[in-house]
There are 2 protein chains.
Amino acid sequence: MNPTIKDVAAHAGFSIATVSRAINAPHTVNPVTLEKVREAIAALNFRPSPLGRQLRGERTRLVGVVLPTLANPVFAECLQGIDELASAQGYRLMLMTTQYDADRERHAIETLRAQRVDGLILTVADADTHPLLDELDRNGPRYVLMHNDTVRRPSVSVDNRLAAYDGVRMLIAHGHRRILMLAGTLAASDRARLRYTGYAQAMEQAGLTPMPALEIDFNADELAPSVLAHLTSPANGAARPTALFCSNDLLAMVVMRGLRRARFEVPDNMSILGFDGLAMGELLSPPLASICTPNREIGCAAWERLIARLDDTYADASLTLTLPHTLREGATIAAIASSDAEPRKRSVQALP
Amino acid sequence: MNPTIKDVAAHAGFSIATVSRAINAPHTVNPVTLEKVREAIAALNFRPSPLGRQLRGERTRLVGVVLPTLANPVFAECLQGIDELASAQGYRLMLMTTQYDADRERHAIETLRAQRVDGLILTVADADTHPLLDELDRNGPRYVLMHNDTVRRPSVSVDNRLAAYDGVRMLIAHGHRRILMLAGTLAASDRARLRYTGYAQAMEQAGLTPMPALEIDFNADELAPSVLAHLTSPANGAARPTALFCSNDLLAMVVMRGLRRARFEVPDNMSILGFDGLAMGELLSPPLASICTPNREIGCAAWERLIARLDDTYADASLTLTLPHTLREGATIAAIASSDAEPRKRSVQALP
DNA sequence: GTGAAAGCGCTAACAA
DNA sequence: TTGTTAGCGCTTTCAC
């Protein structure tokens with residue numbers, strides 16, 4: 001087994017109290033003693049067990065991170081930001097994923113709370129209506145939400161509504177009038193709903209009629225034929241959309257591939273705008289236009305706010321921190337004649 | 001604070017021992033008592049603190065996961081596999097990343113060991129020569145390596161040498177003769193070195209001369225101009241390569257973009273083969289050819305082997321589990337005339 | 001400057 | 001069946 005403070009004490013010829021002090025408050029112990037203790041520690045390769053400390057009721061220096069999934073690099077990027085600061089500051093991270101499932105969210109939070117984490121950083125499906133968060137507000141460890149865009153709770157996010165609004169305005173500025181929004185399951189994500197609101201506002205402000213969002217299972221490898229048909233020639237006889245606003249980049253990429261397989265070229269036959277600004281999107285051809293969220297920074301900011309809350313140095317009265325989004329123009333958006341005509345075709349490009 | 005077993009005992013009117021038994025061995029306590037205790041637990045919303053249990057020296061049901069980075073989806077995918085099984089089996093995961101840095105690897109392992117994790121799942125830069133792993137073999141918690149392809153230690157991996165060999169053979173079968181391998185830092189990854197070995201073997205077996213691997217910083221946003229120049233027209237006057245074997249998909253994607261920006265079309269002017277089989281690669285255009293590793297399965301298998309080792313049901317004498325790799329043909333590989341001529345150009349494709 | 005001892009939440013002898 | 005108690009590794013009074 002691992003050596004304990006007792007072993008060190010015996011080896012050094014002092015009491016465990018002295019060893020403890022030598023570790024935690026070196027200046028309160030005689031330099032000679034200190035040296036001996038340090039030798040013993042080195043000799044035994046002793047590392048104090050956090051368990052003992054944690055049990056004593058101090059900080060555990062454990063932080064729980066609850067994310068929907070790691071399959072979406074958005075969250076992996078956030079986690080990178082968190083991990084960077086956490087490990088620099090000597091905290092340990094306990095990770096749980098929920099797959100957007102409410103039961104798993106509950107389970108994760110309870111498990112982490114039982115483990116006596118000092119704090120929690122989480123992205124939940126629906127922040128406003130989450131009873132567990134109320135519970136956390138009352139008793140639980142402190143927490144900061146990430147990417148959940150709510151004014152009711154401590155959170156770090158972009159302004160999803162505004163970001164979507166800005167993005168759709170850009171599409172409109174490029175001459176698009178029939179713009180369709182694609183989403184995963186709206187019910188599963190407060191963010192997606194806010195993005196739809198922004199979409200609708202931009203449309204209305206331009207005198208256009210927002211269409212209902214088209215929900216898509218983007219975990220499927222293939223785009224469903226019915227969806228594809230809807231995009232390329234809607235059943236109701238209406239003109240097909242000229243641009244798609246996708247509520248996330250992963251979705252945009254899947255749609256892009258589906259369209260291309262159907263020989264529907266992007267952006268010549270269809271413009272596409274994503275959301276998230278995944279680094280990967282820039283590697284596509286053409287590079288994906290996207291509304292970029294600063295994911296790593298969101299992770300870092302969430303960490304800093306959590307620590308501030310733990311230390312009660314959370315002076316900032318506002319619960320919510322809104323980070324700026326940016327538009328990445330990419331090359332998946334074509335300008336079309338404002339007469340609402342078919343998009344122009346690009347000339348065939350010569351090979352070098 | 002959270003309620004403790006004492007609070008429950010007081011509330012229920014029994015001793016803490018009875019409460020403990022009610023939780024851990026319900027059949028040993030009187031049904032009536034059991035019911036009362038359960039009521040008390042529910043009333044107080046009590047959840048036993050793992051800390052107490054952990055300190056008692058039992059299993060902590062904590063498993064440490066040490067990964068180079070989450071920026072590469074390969075590791076995020078492995079982690080997904082691990083997390084799935086871990087949470088189903090009531091384990092908690094403590095995550096640390098190392099950025100391929102030996103010091104951080106050491107630090108992560110020590111931190112996790114100090115936290116008294118039951119076991120460790122890790123991907124290190126160089127498994128064979130890692131002194132800390134020897135130390136773990138002796139005293140540490142048990143561990144299983146993931147993606148580290150070594151016969152000397154418990155590990156789950158593909159056969160990196162063979163996989164690279166197979167991939168390069170495919171390139172050769174397509175008529176390529178000047179095949180260059182691109183890698184990150186060879187020194188930082190035992191996997192990359194094995195892949196180079198496989199590359200060299202395939203080349204030699206076909207009577208071709210392996211070239212030295214070209215090392216590239218693929219964290220950079222841009223391909224260095226010198227690298228680009230080397231790919232498109234090597235300085236030494238030799239003919240340029242017709243195919244690139246990239247030691248990972250991320251690298252392949254960056255190179256692909258760099259080439260394209262330089263108006264060097266893939267696969268017409270250059271064929272590309274990646275390694276990892278990232279799902280994302282299929283969304284590229286053209287879809288990236290790659291040697292696919294079953295990342296999620298590797299994570300799951302590593303988990304299962306770790307648990308087997310913890311339970312001492314590790315009957316399988318072999319340390320190493322080798323999972324099969326597959327070739328994904330994609331569309332980034334063009335056939336060229338075996339006369340070693342320039343790759344044929346594809347005819348310009350008509351738009352639909 | 002140092003040591004003895006209590007106690008954090010829990011489990012597992014051992015007693016009753 | 002239930003209770004009492006020791007002890008896991010550590011920090012922290014309180015004496016000396």
Side-chain angles (χ1 to χ4, degrees), chain A residues 1-38 40-41 44-62 90 92 111 113-118 141, chain B residues 1-38 40-41 44-62 90 92 110-118 141:
Chain A
M1 249 323 270
N2 286 306
T4 80
I5 199 172
K6 266 188 192 164
D7 301 321
V8 177
H11 190 99
F14 289 93
S15 72
I16 61 169
T18 299
V19 175
S20 177
R21 274 188 294 260
I23 294 167
N24 301 301
H27 55 280
T28 66
V29 6
N30 185 310
V32 182
T33 309
L34 185 59
E35 189 46 39
K36 285 186 186 160
V37 170
R38 289 200 164 142
I41 288 177
L44 300 175
N45 191 23
F46 167 77
R47 298 263 296 161
S49 159
L51 294 178
R53 295 179 167 173
Q54 289 161 8
L55 192 52
R56 277 289 298 171
E58 287 92 48
R59 296 282 178 76
T60 56
R61 293 187 89 78
L62 237 43
R92 290 166 300 274
T111 303
R113 180 211 289 245
Q115 186 72 46
R116 307 303 192 259
V117 295
D118 284 342
Chain B
M1 248 326 267
N2 286 305
T4 79
I5 198 171
K6 266 189 192 164
D7 301 321
V8 177
H11 190 100
F14 289 92
S15 73
I16 60 168
T18 299
V19 175
S20 177
R21 274 188 294 260
I23 294 167
N24 301 302
H27 55 280
T28 67
V29 4
N30 183 311
V32 181
T33 310
L34 185 57
E35 191 44 41
K36 285 185 186 162
V37 171
R38 289 200 163 142
I41 289 177
L44 299 175
N45 191 23
F46 168 77
R47 300 262 298 160
S49 160
L51 294 176
R53 295 177 167 172
Q54 289 162 7
L55 192 52
R56 280 287 299 167
E58 286 94 47
R59 296 281 177 78
T60 57
R61 293 187 89 79
L62 236 43
R92 288 164 303 269
E110 289 199 343
T111 303
L112 262 8
R113 181 212 288 243
Q115 187 72 44
R116 307 304 193 259
V117 295
D118 284 343

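A note on names: the letters A, B, ... follow the listed sequences, proteins ahead of strands, and every chain is numbered from 1.
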Inset, instruction - Taking the side chain as every heavy atom from C-beta outward, state whether B/R61 and A/Q115 have any pair of such atoms under 4.5 Å apart. - result: no
Inset, instruction - Can you tell me the distance, in whole Å, between the CD1 atom of B/I5 and the P atom of D/dG3? - result: 12 Å
Legend entry - Earlier contact from the 5' end, DNA chain D, for B/P31 and A/S20: B/P31
Legend entry - Matching residue for A/F46 among A/N2, A/D7, A/I23 - test: side-chain contact (heavy atoms from CB on, under 4.5 Å): A/I23
Inset, instruction - Could you tell me whether a side-chain N or O of B/R116 sits under 3.5 Å from a main-chain N or O of B/A114, the two making a donor and an acceptor? - result: yes
Legend entry - Length of the CD1-C1' vector between A/I23 and D/dT11, whole Å: 11 Å
Inset, instruction - Starting from P on D/dC10, measure out to CD on B/Q115 and report it in whole angstrom. - result: 12 Å
Legend entry - Distance, rounded to the nearest Å, where A/D7 contributes CG and D/dC10 contributes P: 9 Å
Inset, instruction - Please work out if A/P48 contacts a base, only the sugar-phosphate, or nothing of the nucleic acid, heavy-atom cut-off 4.0 Å. - result: sugar-phosphate
Legend entry - Spatial distance of atom CG (B/L55) from atom OG1 (B/T60) [nearest 0.5 Å]: 11.5 Å
Inset, instruction - Find the distance A/N30:CG to D/dC16:P and express it as a whole number of Å. - result: 22 Å
Legend entry - Pairs touching residues 14-28 of chain B that satisfy side chain to side chain donor-acceptor pair (under 3.5 Å), sequence neighbours left out: B/S15-B/T18, B/S20-B/N24, B/N24-B/R53
Inset, instruction - Please tell me which of A/V29 and B/V19 maps to the more 5' nucleotide of DNA chain C, matching each residue to the nucleotide holding its nearest heavy atom. - result: A/V29
Legend entry - A/R53 side chain near D/dT11 phosphate (N/O to OP1/OP2, under 4.0 Å): yes
Legend entry - Nearest-angstrom distance from the residue atom CZ of A/R116 to P of C/dG9: 8 Å
Inset, instruction - To the nearest 0.5 angstrom, please state how far the CG atom of B/L44 sits from the OG1 atom of B/T4. - result: 9.5 Å
Inset, instruction - Using the test side-chain contact (heavy atoms from CB on, under 4.5 Å), find all partners of A/T111 that sit at least two apart in sequence or belong to another chain. - result: A/M96, A/H107, B/R47, B/R92
Legend entry - B/S49 side chain near C/dC10 phosphate (N/O to OP1/OP2, under 4.0 Å): no
Legend entry - Base-contact (B) and sugar-phosphate-only (S) positions in nucleotides 3-8 of chain C, heavy-atom cut-off under 4.0 Å, - elsewhere: BB--BB
Inset, instruction - Round to a whole Å and report the spacing from CZ of B/R59 to P of C/dT11. - result: 16 Å
